There are 2 protein chains.
Amino acid sequence: MMELTRKGEYAIRGIIFLARSPKGKIALISEIADATDVPQTFLAKIFQAFAKLGLVNSYRGTGGGFTLGRPPGMITLREVVEAVEGPIMPNRCLMGGRGCEHDRKCLVHPVWRQVQEEVVKILDGVTIEDLARQEKPPEPV
Amino acid sequence: MMELTRKGEYAIRGIIFLARSPKGKIALISEIADATDVPQTFLAKIFQAFAKLGLVNSYRGTGGGFTLGRPPGMITLREVVEAVEGPIMPNRCLMGGRGCEHDRKCLVHPVWRQVQEEVVKILDGVTIEDLARQEKPPEPV
DNA sequence: ATAAATAGGACCAAATTGATCCTAAAGGTT
DNA sequence: AACCTTTAGGATCAATTTGGTCCTATTTAT
């Protein structure tokens, strides 16, 4: 349960690479894919999603590529993960739209809501800047 | 990300039904499946997994069926979910065995670990007894 | 013009999920 | 012993999701 997919992993690796590049440098998707060991065409899709959300800027044509869309300290891990994996939702019933038939009587819902909130809180508390630092923090959390 | 599968949902519904049955009453899988609106053969597999872990007792033959393996207050939501979905692991890298190649340098690991611990803590804090209560608590958490 | 790059859609293989079915084994009943 | 009821467990299968490729636009610098 709760496993991050490869897409999510790749997304994180890719954007961390960008954050580690010299500020303002335009990076090619081929370059990023190479450095992070991710299939290039697959990573391209991921960066398309990033671009749509403004997490990265994309430039087409000769000399084109990607840069971070915001300072890395302003991009949260949650945004990156949700960009490619969709919203963090431990149980489909939590979805706003068409509720499940068990909605009214379901005592499990509040638990999933709590899980969701906790996870969101943690992932919102970590920025790409945090992750891009070369040195590990003194004591792993 | 993090969606519970149907198997997990069914598992929870099934064991809550058992917990709501008169104590000691042997329930047929057909009965449980019927009441919880779950395909019977599928639910049977789920209860097999429960039985292996001692979450339920199974009795074969005429008059056979299932009872709770422990008082419902001693069965946690985490146990039920993990029984059918496997351990709660937000990132494969967290697995003890064969670590990923990015292990040493990966700054994301501690975050996933924290997520895992938080979720486990929440699910460990909820018992089937809690969920089996007919009345909702005053304020949904 | 042309070459270099991303955008986006179509497509496809592998893995996982969500089941079903069949036979075996165990335990009552007659 | 024969028989019925019930779970155990393996095999199988369809649908969905995941992981990935490929091809054709479109944009932009030279």
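Residue numbers start from 1 in every chain, and the chains themselves are labelled A, B, ... in the order their sequence lines are given, proteins ahead of strands. All of these numbers come straight from a predicted model, not from anything done at the bench.
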**Fill in**
Quick tally for nucleotides 20-30 of chain D: nucleotides whose base has a protein heavy atom under 4.0 Å get B, sugar-phosphate-only ones S, the rest -, giving BB----BBBB-
**Message:** With side-chain contact (heavy atoms from CB on, under 4.5 Å) as the criterion, how do A:V80 and A:I75 come out once you've worked through the C-alpha distance, each side chain's angles and the decisive distance to 0.1 Å?
**Reply:** CA-CA 8 Å; A:V80 173; A:I75 300 175; 3.9 Å; yes
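Distance CD1 (A:I26) to C1' (C:dA5): 11 Å, rounded to an integer number of Å. One atom, CG of A:N57, and another, P of C:dT6, lie 13 Å apart when rounded to the nearest Å. Separating the CD atom of A:E3 from the P atom of C:dA15 is a distance of 15 Å, rounded to the nearest angstrom. With rounding to whole Å, B:L4 atom CG is found 18 Å from C:dT16 atom P. For A:I46 and C:dA7, the CD1 to P distance is 13 Å, given to the nearest whole Å. Put simply, CG on A:L43 is 12 Å from C1' on C:dT6, counting in whole angstrom units. Remark: P of C:dA4 and CG of A:L28 are 12 Å apart, rounded to the nearest angstrom. Distance, A:F66 CZ to C:dA5 P: 12 Å, rounded to whole Å.
In this model, the phosphate group of D:dA8 is approached by a side-chain N or O of B:S58 to a distance below 4.0 Å at OP1 or OP2. Considering only side-chain N and O atoms, B:S30 lies nowhere under 4.0 angstrom from the phosphate OP1 or OP2 of D:dT6.
Taken to the nearest 0.5 Å, the CD1 atom of A:I15 stands 8.5 Å off from the CD atom of A:E79.
Looking at heavy-atom distances under 4.0 Å, A:F47 makes no contact with the nucleic acid at all.
Sequence order on DNA chain D of the closest nucleotides to A:E85 and B:A27 puts B:A27 first from the 5' end.
For A:F66 and A:Y59, the ring centers are positioned 6.0 Å apart or more.
Judged purely by atom type and a 3.5 angstrom limit, B:E129 has no side-chain atom pairing as donor or acceptor with the backbone of B:M74.
Heavy-atom neighbours of A:K25 NZ from other residues, nucleotides or ligands within 6.0 Å: above the threshold of 12.
Side-chain contact check for B:D37 versus B:R13: some heavy-atom pair is nearer than 4.5 Å.
For B:K52, there are no salt bridge (charged side-chain N to carboxylate O under 4.0 Å, His left out) partners two or more places apart in sequence or in a different chain.
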